[in-house]
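One-based numbering, in listed order, for ligands and for the atoms of each.
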Amino acid sequence: MKLWGGRFTAGTDKSVDDFNSSIRFDQRLYKQDIEGSIAHAEMLGRCGIIPEEDAALICKTLLEILDDVEKGSIEFEVDAEDIHMNIEKILISRIGDAGKKLHTGRSRNDQVALDLRMYLKVEIGEMKGMLIDLQKKLLHISEEHLETIMPGYTHLQRAQPITLAHHMMAYFQMFRRDIGRLEDCYKRMDVMPLGSGALAGTSYPLDRQYVADRLGFSAITENSLDGVSDRDFAIELASCISIIMMHLSRFCEELVLWSSTEFSFIEMDDAFSTGSSIMPQKKNPDVAELVRGKTGRAYGSLVTLLTMMKSLPLTYNKDMQEDKEAIFDTVDTVKMCLPVFTKMLASAKINRSKMYKAAQGGFTNATDMADYLVKKGIPFRSSHEIIGKMVLYCINQDKAIAELSMEEFNQFSDKIEDDVYSQISLEKCVSSRNLPGGPAAESVKRSIEKGYKFLENYE
Ligand code: ARG
């Protein structure tokens, strides 16, 4: 018989059991469910709501059940619907009437809200750790490549010379904000809903604060209706994860491009590439592509959660059971992507000379050439036009700006002198951009130092 079977005269149809049941995917909440129940039972005992001996027996038995679940010696039942009722049923089968007292002053509605918050709080910690590992790698690569010149792009057209370090540190900033977003999300998640009951609280004198302290929550929910019907903590997390995946997918896209023969900026390690079943020459950047591809799953989960919650009247509705597969999948996805991405990036070989050659082409120093004339007293707009013509000339002559002779230079302006060559070298273009946030080795070094300082918070 169902734990809620008293009001019913007939059992549920088998198809409804299968349809309604969430045990298939919510069994992963077993630990949080048991920990939450232990805290609840302890509190019931301390407050004199149930006898202390019963509370003690419940807690002891729940720990044994936890042990058995972890040993794999428990088979959950579809008929018992979800993890909450499965655990409660096992408890009752072991200790009878004492076990039947556990659910006093509690509903599955506040119980599931509790379990999910507890579970996701742990997951946030793990995701943060993975982002930090990735950031460490980015700092190492950046330190090594402070002087590795490459083209920076806009519109995927070569634009201005930068360094690989500067490029890597751009991603460092993105992941730093991602960590910040996860921490913000955590703060709002870190609120304890037990005591909300089914929706309207309970008349038992529960000590909600005790339960919150016992379970490591920093606050208790303020409104029982909100306590059971809020899922924005999961939506917010799905949104944080979507942004992480978006960042990873941009990074992956670049690594895919960079490992193409056309770019050849990097070579993926064999261990992170795959071959083709037909084309013997192929070495494909599958890992980067798959991370890029999995981004869609994260967005999908976010939209699933938003749509599931859209227009739901207060408070709990069974629709909300659908939150779990979506949020679990998105958490699993990003946790699968981050470590493999980090390893792949760390093992990629950097081809400095290809990067340098690419920066030499594409007139990446044209802006600096225009700035050169500005320094000689020509207004920027006029100088821009002069250099535009110079670039066109170079294209026709198949030359880089730095390859022009002084005679050729002077056809465009008599203000150009011998010092031009040193002023428009790629090294100079980079090193002169030493303002905060710029690509010069000096400023990137400062940014790396700040990066290490940031990571110290997580030692
Ligand atoms: N398995 C349910 C869920 O995940 C638990 C809450 C059920 N509450 C209810 N009133 N049916 O949402």
Side-chain angles (χ1 to χ4, degrees), residues 1-8 11-13 15-37 39-40 62 65 69 74 76-92 102-123 189 191-202 211 215 221 223-235 237-238 301 304-332:
M1 170 150 125
K2 297 274 197 279
L3 287 180
W4 41 254
R7 184 230 180 277
F8 289 75
T12 34
D13 192 86
S15 66
V16 174
D17 276 339
D18 291 340
F19 183 65
N20 242 356
S21 170
S22 53
I23 189 64
R24 183 168 43 84
F25 48 83
D26 67 14
Q27 56 180 279
R28 67 162 84 189
L29 296 174
Y30 72 89
K31 193 153 177 259
Q32 287 73 26
D33 196 73
I34 290 174
E35 282 172 7
S37 289
H40 180 68
L62 283 170
I65 296 172
V69 175
I74 285 186
F76 292 122
E77 293 171 15
V78 170
D79 285 14
E81 214 175 303
D82 54 25
I83 186 64
H84 325 293
M85 290 207 291
N86 264 280
I87 302 277
E88 196 183 338
K89 213 170 156 185
I90 298 165
L91 178 74
I92 293 170
L102 168 63
H103 211 51
T104 314
R106 190 177 69 167
S107 157
R108 267 188 302 155
N109 296 353
D110 54 359
Q111 191 180 354
V112 71
L114 175 81
D115 293 1
L116 194 56
R117 283 171 187 263
M118 285 172 69
Y119 180 86
L120 295 177
K121 277 171 63 182
V122 176
E123 296 291 304
M189 193 180 283
V191 184
M192 204 289 296
L194 276 196
S196 302
L199 75 160
T202 173
V211 177
L215 295 174
T221 51
N223 178 296
S224 64
L225 305 179
D226 184 46
V228 293
S229 64
D230 163 35
R231 291 293 180 274
D232 32 298
F233 63 89
I235 296 179
L237 180 58
S301 296
T304 297
L305 290 168
L306 284 168
T307 313
M308 175 202 79
M309 291 305 287
K310 175 183 173 295
S311 319
L312 280 191
L314 300 186
T315 53
Y316 179 83
N317 300 270
K318 185 75 171 189
D319 314 46
M320 289 156 72
Q321 180 166 285
E322 287 286 302
D323 60 359
K324 275 163 233 56
E325 282 169 294
I327 195 67
F328 293 159
D329 185 73
T330 197
V331 166
D332 293 349

Derivation of the side-chain contact (heavy atoms from CB on, under 4.5 Å) call for His84 and Val112:
CA-CA 8 Å; His84 325 293; Val112 71; 3.4 Å; yes

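- For ligand 1, the protein residues within 4.0 angstrom (heavy atoms only) are Ser22, Asp82, His84, Arg108, Asn109, Val112, Tyr316, Gln321, Lys324.
- Under the 3.5 Å distance criterion, with hydrogens and angles disregarded, no donor-acceptor pair is assigned to the side chains of Asp82 and Ser22.
- Screening Thr221, Asp230, Asn223, Asp226 for a side chain to side chain contact (heavy atoms under 4.5 Å, CB included) with Ser196, the sole residue that qualifies is Thr221.
- Met320 and Lys324 make their closest contact through O-NZ, 4.0 Å (heavy atoms, listed as atom of the first residue, atom of the second, distance).
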Show your reasoning for whether salt bridge (Lys or Arg N to Asp or Glu O under 4.0 Å) applies to Asp319 and Arg231.
-> CA-CA 11 Å; Asp319 314 46; Arg231 291 293 180 274; over 6 Å; no

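- Checked by atom type, the side-chain pair Asn20/Glu81 shows no donor-acceptor distance below 3.5 Å.
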